[in-house]
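Let me begin by presenting the structure, written as C-alpha cells, before commenting on it.
Quick caveat: nothing in here was measured; it's all calculated off a predicted structure.
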Amino acid sequence: MGPPSPSAPEGGPLVSPSEPDPSGRRLLPARLRLLRALELAFHGGTALAAAAILLFVAALLLVLVEGAAPSFLRFGPGFLSGSAWDGVHNLYGAYPAIVGTLLSSGLALLFAVPVALGVAVFLSEIAPPWLREPLTYVVDLSAAVPSVVYGFWAFFVLVPLMRGTIEPGLAAATGGAFPFSGAPNGLDLLSASLVLAVMILPTIAALSREALRAVPRANREAALSLGATRWEATRVAVLGPARGGIVAGIVLGLGRAMGETIAVAMVIGNIYLTPVSFFSPAQTLASLIVNNFTGVGIGLERSALFEAGLLLLVLTLGVNALARLLLARRSPEGMVRGASSLTRAIRRLRPHHPSVGSPRAALAAAALVGGDPKLPTERWSRHLRGRAPSNLRRRHGMEWIVLGLCLGALAVAVLPLASVLQTAVDRGGSAAVHPSFYVSENPLGCNPGPNRSCSVGGIGPEIEGTLIVLGVGALFAMPVGILAGIYLSEYGRRSRSRFGRSVSFLADVLTGVPTILVGVLVFAIFLQYDHDSASSALSGGVALGLVMLPIVTRATEEALRTVSVAVREAALALGFTRQRTSLRVVLGAARGAVVTGALLGLSRAAGDTAALFVTAGSSSFWFQGLNQPTATLTPFIFSNFGSEYGNLQADAWGAALVLLLLMLLISLVSRIAVRGHRPSAEV
Amino acid sequence: MTVKLEVSDLNARFGSKRVLYDLSLALPDRAVTAIIGPSGCGKSTFLRCLNRLHEETPGASVTGTIRLDGEDLRLLDPVAVRFRIGMVFQKPTPFPNLSIYENVAAGLRLLGVRRRQELDDGVVDALLHAGLWEEVEQDVDAPGTSLSGGQQQRLCIARALAVQPEVLLMDEPCSALDPIATHRIETLIGRLRKEYTVVLVTHNLAQARRVADHTAFFYLGKLVEFGATAGIFESPQEKLTENYVTGRFG
C-alpha cells in the first residue's frame, strides 16, 4: 500500500499558515492552536491512562504489604518455615503452601514442556499448511477454557481415573517407593500437577510456536540446501534461534502454574501438610488464600493470608519478569554455541605470530597469501565428494521418530479439551437445552429419586450478574486499556522513554499475576473505603476490569505496533497531527487486532473465577443493585461443583457448558476479526 | 565440455501461477554459468529447482527432468541432492545462534563427522577456500552474525563448501553487498570455477560479464538465449537479448 492520498482520510492538515493548503484555503492560527491543544490533550490523556498501570502495581504491592504487616511483625521469617495454619492458637506458617506451590508447578512443567514442544514443532514445522490453522485454533482454544471448568472436569474425570487406575498402578509398579508412597486417593499433588500441566500446555505451545515461526524461512532453506533433513533443519536452524522465545514461554507457563488457583483448589485435596509424596493431598499459596479468604474478618489469620498473597505475588512477578526479560532479549550473541577447541588452540600456539601455529592452517594460509591459490585446493580432501551421505537411512529414520513423537504430543494436547467438551455436554447438556435454564433462578437442592423429580431450575441470575459485572469492568478497562496501549505504541516506545518501557513491561508482567491477588486487592480497598460494598457487583466489576486492563493494554500496543512506521510517516508528512495519525490512520489500520485484544481481555475476565469469588459476594438472587452481592457464573460453578444435590450439580455443569460455548464463540469471533483486518506488517 | 546438470522441459508453478515454461538447458561442468533476466523472470525459481528446494515451498510444484551427471534428480533422495548441490542465498543466512566455526561445521556434523581433527580441517579448508580464514582465524568462536555483510556471505559460501559439493548455486550473492565485498566474492567465484560447477543468478550484467563463462538469458519464465558469455553480450542472436543486455529494458 502506498502513502494515503491526500483526499482519502480527511483531517485538518497541519500546514504552516504561510503556505496554502491543498484546497487553497489558508489555515487560521486559531485552528492551529486548537489542533495543538488537541494534540496536547491527547498526549496527556493517553499518558494518564498508561500511568493507571503503574498505579495498579503500586496499589497491589502497598495493599498486600500493609495487610501482611501484622503477620510479618508477629512471625518474622518464621512465617516461611512454619508449617501450622492454626486459627485456635493463632499460629501461621506458609511452608507447606510454598512447598506445595513449587512442587505442583514444577511437576506441571515437567509434564507440559515436552508435549508443548512437540505440539509447537508439529504446528510450525511439520503440519501441512491446510492443517496448520485449524489445529492451531484447537490448541489455542484449550487455553480459553476457564480454570473452573478444568477443575470441574478434573474432579469428575481425572481424579477418579487417578484414584482408581493410574495411582494404584504407579504404586504397584514402584512398590510404593518414593515418590509414589502412601495411599493413592486422587485428590493430591499428582492430580493437581496434571491439571496444571493441561492448563499451561497451550500457553507454552503457543509461545514456542510463535518463537519458531519468527525464525525466517531463509534459515530453514539454508539448512535444507546444506543437505539437512527437515527435522535437522528444524533442529539446527530453527530451534536454536528460537530458544530464547521457547524458554520464555516455559517460564511464563511456570508463572501461570504457580498462580493458578481455582482448578488446583478443586483437586489438590486442600490439606495443610507438607507433601511427602505424589499422592499427598496438599495446598498451594493460591489455594490456601481462596479456601480461607471468605469468612475471615479481621485478625492475624487475614494478615497471614495477605502475607501468603505477598509471597505469591513476589514469586509470580519474579518469574514473569524473568520471562519477559528473556523475550525482550534479542541479541543472539548471548546464546552462541560453539565450543571449538580450534580458536583456543590457535591462540595458544600463535598468540602474536601469525606465521607459527597449527601447521595445516599456517601452511594453507601462507599459500594463499603467497598468491598460489592452488595449494588449498590440492590439499582439499576429497573423501566426501561425489558420494551419497552414508548416514541417510538413520537420519531419515530420525525424521520418522520425531514425526511420531510430535503426533503423539498433539494427541495428548488435544485429548483434555475433547474430554472436557464431552463431559460438559454429557452432564450439562440436558439442563442447558431448556430455554428456561437461562432465565430461571437456581433450584432448591434436591436429589432425583424413583418417585421424586426435582425442578431443574436455571442460572438466570448468574448470567445477568456476570453480564453486569463484565460490563462494569469493561466500562473502565476498555477505554483506559486502549488509551494506554496507544500511548505505549505511539509515544512511549518511540521516544524510548523509561516511563513507556516500564509501563509496557509491567503490563506484561501483570497479565501473569494471579487473579486471586487482584481480587484480594480490590476487596481490601473496598473494605477500607466502602465497607458495605466489599462484596458486591461493583467490587466484582472493578476486579474484572483490573484483570482485563493489562491484557487490553498490551494487545492494543502490539496491534498498533504492527502498523509500519512508513504508514505513520506518510500521514505525518501529509500534515496530520500525531493525535489524528494515531486515531485515524494507525488505529484504523489495526482495528481488527485491537478488537481482538479487547475480546481476549473480556473472555479472560469472563472465565475468571478467583477474583470474582473473592469480590462479588455470593447470592442466588436476581440483581439487587451495584452495591449488593451478586450471583455470577464461575463462582456458582465453584461453589456447587461438589454439591450433594444432583440438580444443583447438573446446573453447575450446565453453567460450565454455557461458559465453554461462550469462550468458543468469543475465540471464533476474534479469529474472524483478525482475519478480516489483518494488519500487515509489510505494508 | 562435459555437462554437469542437464535440464529438460522444466516447468515450475506456485499454486496455479506458472513460473517456468518448458526450460531446457545444459550446464557445463567446472564453469560459471550466469542466469540473467529482468525481475520475476524465474531465475531464482530455476535455481531452486536445481537442488529441489522449490518443492519445499508450500503450493509449489515442478515437472520435467533434471539430470546430475546423468542421474535423474527425482530418483535421488532430496537430502543427498542438496548435499551434492550447495546453495548460497541473496541475503547472508548464517545460523544466528551458532559461532563462525559451528556455522561452517554444521554440514559436516550432519554428515556424522565427529572427530575434532576432521572437523577442524574441514572448517579451516572451507574458510580458506571462501577467503575468510585470515579475517576470522583469531576468533572462530564469535557468533556468525557478528561479521560484516560481505563476511557473512563468505561465511555462507564456506558453509556450503565445507561439505564439498559438486555444484554451487548462487542466488544474487552480491546484491546485498557493497562494491568491495562484491569484488571479493567475484574473485572467489573466479577461483571456484576450477573445482565447481557454479550457477550464478545475477541482476548485475557487468558481473555476469566479468565472472561467467556462459550466460543464459531468461524472460517471463522462458529461456531466450544461452551461450558463451562473450557471445551473449556482444553478438546476441535474439532481439530480446540484445535489448536487455544493451539496457533498453529490464
Side-chain angles (χ1 to χ4, degrees), chain A residues 128-129 215-230 232 236-237 240-241 243 332-333 335-347 354 357-358 360-361 364-365 367-369 373-374 376-377 379-392 394-396, chain B residues 51 53 56 58-59 76-77 79-87 89 91 93-103 105-107 109-112 116 119-125 128-129 131 133-134 137-146 156 159-160 163-166 169 191 194-195:
Chain A
V215 176
R217 200 180 155 68
N219 269 39
R220 297 174 176 81
E221 291 191 339
L224 284 177
S225 69
L226 213 54
T229 64
R230 287 177 73 180
E232 285 163 349
V236 173
R243 191 162 44 175
E333 276 85 7
M335 18 188 192
V336 167
R337 191 186 93 203
S340 84
S341 54
L342 190 61
T343 304
R344 262 166 280 136
I346 291 167
R347 280 185 185 148
S358 139
R360 180 184 178 75
L368 203 68
V369 174
K374 266 189 173 166
T377 307
R379 296 183 53 84
W380 195 253
S381 56
R382 295 170 160 272
H383 62 286
L384 293 173
R385 200 165 216 200
R387 288 193 343 217
S390 56
N391 54 1
L392 265 184
R394 185 181 59 76
R395 289 162 62 193
H396 281 305
Chain B
N51 70 345
L53 197 59
E56 297 287 341
L76 297 173
D77 186 322
V79 173
V81 169
R82 294 185 203 124
F83 159 73
R84 293 173 64 185
I85 304 181
M87 186 163 190
F89 297 84
K91 281 211 314 220
T93 51
F95 300 132
N97 58 316
L98 299 187
S99 66
I100 294 170
Y101 182 95
E102 286 298 334
N103 258 290
R109 286 193 189 279
L110 291 177
L111 289 171
R116 175 58 64 180
L119 282 174
D120 283 358
D121 285 353
V123 169
V124 173
D125 274 350
L128 275 167
H129 243 60
W133 171 249
E134 284 169 63
E137 65 175 325
Q138 288 302 322
D139 195 5
V140 291
D141 288 340
T145 45
S146 67
C156 291
R159 184 176 66 191
V163 293
Q164 300 159 25
E166 298 153 54
L169 310 176
R191 231 175 331 116
K194 298 197 180 75
E195 281 286 306

*Where does A:Arg220 contact chain B at under 4.5 Å (heavy atoms): side chain, backbone, both or neither?*
neither

*Min side-chain heavy-atom separation B:Leu111-B:Val163 under 4.5 Å*: yes

_A:Arg217 to B:Pro58 - nearest heavy-atom pair and separation_ = NH2-CD, 4.1 Å

_Is B:Leu169 close to chain A through its backbone or its side chain, or both, or neither, when contacts mean heavy atoms under 4.5 Å?_
neither

*B:Phe95 side chain near A:Val215 side chain, heavy-atom distance below 4.5 Å*: no

_Is it the case that atom CZ in A:Arg230 sees more than 12 heavy atoms from other parts of the structure closer than 6.0 Å?_
no

_Part of B:Leu110 lying under 4.5 Å from any heavy atom of chain A_ = both

*Do you know which of A:Leu224, A:Asn219, A:Val236 has the most heavy-atom pairs with chain B at a distance under 4.5 angstrom?*
A:Leu224

